Every structure is written in structure tokens, then in C-alpha cells.
Amino acid sequence: MKYSVDKKKFEDLEGNIKLPKYQRRLVWSEREKQSFINSLKRGFPFGSILIYQYEDDKKYSLIDGLQRYTTMKDFSENPHKYFDFDEYIKNLLNLIPNLTPASESHYRGKIVEILKEVTKEINSKSNVDPDLLSDKLNNEIPQLNVNDISTYKQLIRIQTTIKDQLMDELDIRKVEIPCVQFTGNESELADVFQNLNTGGKKLTKYQVFAAQWSYYEIELNDDEYNLKLLNKVIDRYENLTETRDVEIEGFNRDKMYEEKKINLSELCYAMGSVIVDSLPVFWPKKDKDEDLANEIGYSVMGIVLSVENNRLHKIIDKKDLLDNSTVIEELTANIVSIFNDINNYFKKYLTLPGTEERYETKVATNFQILSYFASLWSIKFRLDEEERSFYINEKYKSKYEKALQNFITYFIRDAVTYRWSGTGDKKLNEIYMEKQNRYLIDIEKVKLESSILEWLDENLLKPSIRINNISKMLLTVTYSFNTHDFKFKNYDFEHVYPRKTISKYYKEQNIPGGNIGNIMFLAGALNKGKRELNLYEYKLEGMEPDKDFLDLVQYPLEKEMFEAINSLKNGDATKINRSIESRAKSIITSLMNKLY
């Protein structure tokens, strides 16, 4: 057997654990962490951690069990996050004289913060001032008369109870952790990590690749993209160190800058992160994370190396193509250049109206976006594996431009036909592995319009109040040709027939209230003032709607709108449904005329 089993107290492990580069990230939710701590409090058994002790190293390297270990560490440092204060809050509120419902909310917030501070201090010190709670309450809530002997005694009792509860429920320092210590060869660690399945969240394929490929190093140089890739890897590890408060084995910022060496897995991650930065239309800053960078980086590496997306583990077989920093510089620059073209192209169509840059891209999937890159890459570049080089194809420009200009029509048709829903690896493979570059074939106007109308017919049959994402996208593309007509900073999606008007009836009367026929763009400032009124009712409050704007957004005529609303209130949704359908088809016609 290449392992031994033992029990180690948390206090013995604390400060003696190091995290290998290829360890999985922390993925437990707050609820899962709370559940785990509750299990510990009840004395239930829990999963083991897997550790390894390198030669001449006194510390253990944590191979598996990061989530359990970091949750226990979090509890030791922040017990208040796992503590139920409800009963204490109730008792303290009862001590405040002349409490009103309005003041209760105010005092409740202060009491919660004070209880957290007190709990944390009790947990971190062996001797705590018995007046700690009363002093803090006296400073923050003077209305609570701590000088009253009865009140003072109750506060002392509450603080003592908190201390007792902390110690009785769970002394995390004394918890014994089942430890499996791997005693095999260091070179076998990646294989061990790959095959772990200890009941937690399974490894993603990218985490498995990271384990398998951590030994294949690539030396970078001082060129622009080489340094960007290096910085992405360094930033990643620094972020992990800060958020986990755990040492990462083998990571030294200064040493990495000096040696400029990363492994193949880190290259894929860094490449993905650089690509994501170059495509803000589809991947805004708030949506960026490690999983996205891995998915895009590995997939793009598969595309440029001609490896099927469902066989990305084969990238390692072509690692020799990436052992030259000059090749990596040119490769990264070319990849980013194509993604810049994709970003600039879709920016024209998917930017929301207004001077503030916002985009409507919720219908897009990552495989779909990767298919655009695969299309342009296969048109412009070819890989010569024998010469270990990438070459630009002759006379590529006309095809490149043709595919690029066809993206928006395919983007729309794929959205309304749900082409990229579910897995898309086979569809992606068709483009760059099977050379079936669909984007080189024009979509005829009649076929695109037919696809949209088929989607519309289906959508009109569904009662809805929430605006659907396909409708948002279609409206955004339609008005991308009229950017000069929108003068305000930002515009919101707004119901034409107000949400409040139809909310009582849409289910029973089968009203497609979230359909493109019932949505419009309205300036954010006006939208707040309009509240739940239609624009004609808004006029009655002294705000005259601009006729040119009403024509621009194809707003229903005043008579048509009020007749439809009155009929709805009388139990007949025929007119409002007819109005929504008519406006939807009018917008679609407008979209077709602008695209062709």
C-alpha cells in the first residue's frame, strides 16, 4: 500500500499545510460550509484529507480536502459566521426601553454587529473582559441602560452563555481529522489527484489536465504577450493565496518573474484569461472567473492545434509545438487579433442604446463564440506540424471578411432555433476539424425571416411577464442601426403595455407580455419617473411623450392602446394580444430591412 491512515488534530495541522499548484479551487457555497460545520458540531464522521510530505520538508502538502480544511480554518477565525444569534438578539431588544417597529430595525443591525465582534474576540482570547458586551452596547446603544443592575446582570449572563456555547458546540482546535498520507513517489501525485473521488464535487476536466500537465514547463521571454501570459499566472496564484489564506507550493512571485517558466496547463489558463479580456462584448468584467478562462483557453488551444474539443486531453501530444517563446508570442498575438475582430464586429450590433457601453449578449453560449473564432482561424491560418509552425493562408482576406459579415445573421438564427443549447463540441468540431465552415454560406433573407417568425409564433402562445432574452437581443440588433436617435446615457428594456396592467391577467388570458412585441427601449431616467404607467398616461402627469420617439419605437396609437387595456379589464385579451403580435411582426420586418 502506498498510503498510511492517521488522525491529526486541526490545531496540529494549522500552519503546517501547503497547497500544490494543481489543487482544485474552493467551490463550496455558504450553505455547504454551514452544513459541514453543523456535522462537526454533532460529532458526525466526515471525509478524510489526503496529504503528502516531500523529502526534507517539515510541512504537509494538501493533495485533496481543501474545502473541508479551509472551512474549518474559516470557522476558527470567524465563528460568528456559523453562529445562531436569533435568541440573543431577541433578548437584547427586550432590554431597550420604548422600542418602536422603526427603531427595532435600526437597533437590530447594531446588535448583530456587536455580537459578531464579541463572539470573535471570545474565540480568539483565553481571557476576555466580562464587561466586553456591556461596554460595546453602552457605546453604541446608550438607550440600553447598562448601569441598571438587572440589565447589567443579564448582559453578563448573555456573554457567558455565548462563551459556553462556543466551547460546548465545537472546539475546532481539538477536532480530529482523518488523514490519508500518500507515501508513494512524488512523480505519481498527478495520477493520484486525477483519480480522486472522495464524495465532494468532482474535478472538472481542466483540473484533471492541470494535474496531468503540471510537469511540462514552457519558458517565456520578455515580449509583450509572453509577459501578459506570465502575469496572468502570477495574478492567479496571488489571488488564490489571498482568498484562501493558504500557502501555494512552488509559487514565488519574484522567482517566476526571474525564470519566466510556466507549465502547459498554466499556459492554457493564461491564454484563456487574455482572450476573455479581449472580448468584453460577450464577457464583461463582472462575469470573468477561473472556470471561464480555463474553458476558453483550453478550447482555443484545441482549435489552433487541430485537437477535437471532446478530446482536449490530446493537446499534451502536441506540446512540442509550444516550446518556443517566439511561437507563443506570434500565436497569442494572432489569436487576440481575431478575437478583437469578433468583438468589434458584434459591438456594432449588440450595444444597448445610449452613451454608456452596455451589451445584450445573454443568448450567446461559449461554444457559439468559439465557433466564430474557429471559423476565422481556419480561414486565415494553417498548422504545419512537421515544420512546427503556423502559416497565413494565401488569399484568405475575402473569405475572412465574408464569414465575419455573416456572423450576425447566424447569431440571430441560431438564437431563435436554439442551435447552441446543450453541448456544442460536435458542432464546433465540424467547423475546424471537418472543415465545414458554415459561416461562409449566406443565409437568405426569406430563410432568416421564416426562422424568426416561427420562433415568434411559438413564443406568442406562451403567457409571460418577464422579458425573454431572445426578444431583448432582437430589439437590440434592430435599433443598433439607430444609435444616433438615442441621446440619453442609458436605456432600459420596458414593457409597452405596462407590467402592472397585465400582471393580473397574463396567465389566465394567455398574454405574451415578455415578447418582443411588448418591449421597448426607454431612457433610464424616464423609466423611473414613468413607474407603471403607459406613455400616454405619463402625458397626463405633465410629461408629453415625443412623437418622433413614439414613432421610432413603434409605440401603439393612443386609441389602440386604451381600447386594448379597457377590453382586458373587461376580461377580453384579444385586442392586446393582437396589438402585441402586430408590433412584433413590424419590428421583425424592420430588422430584416436593415440587415439586407
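All heavy atoms count here, side chains included; hydrogens, waters and symmetry mates do not. Here the structure is a predicted model, which is why all the values come from computation and not from measurement.
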Look at the rings of [X] and [Y] and say which category their plane angle falls in: under 30° parallel, 30 to 60° tilted, over 60° perpendicular.
X    : Y    : result
F346 : F282 : perpendicular
F521 : F486 : perpendicular
F85  : F83  : tilted
F46  : F36  : perpendicular

Working to the nearest 0.5 Å, report the span between [atom1] of [X] and [atom2] of [Y].
X    : Y    : atom1 : atom2 : value
S39  : L170 : OG    : CG    : 11.0 Å
L229 : I234 : CG    : CD1   : 11.0 Å
E224 : N226 : CD    : CG    : 10.0 Å
L292 : E290 : CG    : CD    : 11.0 Å
S273 : K232 : OG    : NZ    : 3.0 Å
S278 : N340 : OG    : CG    : 5.0 Å

Lys/Arg-Asp/Glu bridge criterion (N-O < 4.0 Å) met for [X], [Y]:
X    : Y    : answer
E113 : K110 : no
K347 : E357 : yes
D277 : K228 : no
E77  : K73  : yes

Does any part of the side chain of [Y], heavy atoms only, come nearer than 4.5 Å to the side chain of [X], both counted from C-beta?
X    : Y    : result
I141 : I111 : yes
Y3   : L50  : no
I89  : V112 : yes
F493 : T476 : yes

Checking ring-ring contact (aromatic ring centres under 6.0 Å, His included) for the pair Y52/Y60: CA distance, chi angles, key distance, verdict?
CA-CA 6 Å; Y52 184 77; Y60 298 104; over 10 Å; no
Between [X] and [Y], is any side-chain donor less than 3.5 angstrom from a side-chain acceptor?
X    : Y    : value
S471 : N515 : no
N231 : D235 : no
D131 : Y152 : yes

Could you go step by step and tell me if E258 and K255 meet the salt bridge (Lys or Arg N to Asp or Glu O under 4.0 Å) rule?
CA-CA 5 Å; E258 180 182 350; K255 187 176 180 181; over 6 Å; no
Any side-chain to backbone donor/acceptor pair from [X] onto [Y]? Under 3.5 Å, distance only.
X    : Y    : answer
T361 : V281 : yes
Q53  : K58  : yes
N252 : D254 : yes
Q159 : L133 : yes
R499 : G513 : no
S35  : R31  : no
S48  : C179 : no

Check whether more than 12 heavy atoms from other residues, nucleotides or ligands sit under 6.0 Å from atom [atom1] of [X], and answer yes or no.
X    : atom1 : result
Y505 : OH    : yes
K504 : NZ    : no
Y257 : OH    : yes
K163 : NZ    : no

Residue pair [X] / [Y]: nearest heavy atoms and the distance that separates them:
X    : Y    : value
Y298 : S265 : OH-OG, 2.8 Å
V175 : M72  : CG1-CE, 3.6 Å
I315 : G302 : CD1-N, 3.9 Å
K2   : F182 : O-CD1, 3.1 Å
G514 : I519 : O-CG2, 4.4 Å
I502 : I465 : CG1-CD1, 3.4 Å

Name of the residue among [options] meeting side-chain contact (heavy atoms from CB on, under 4.5 Å) with [X]:
X    : options            : answer
R68  : D64, T71, T70, L66 : D64
F75  : K41, K33, K81, Q34 : K41
I262 : E266, E259, K260   : E266

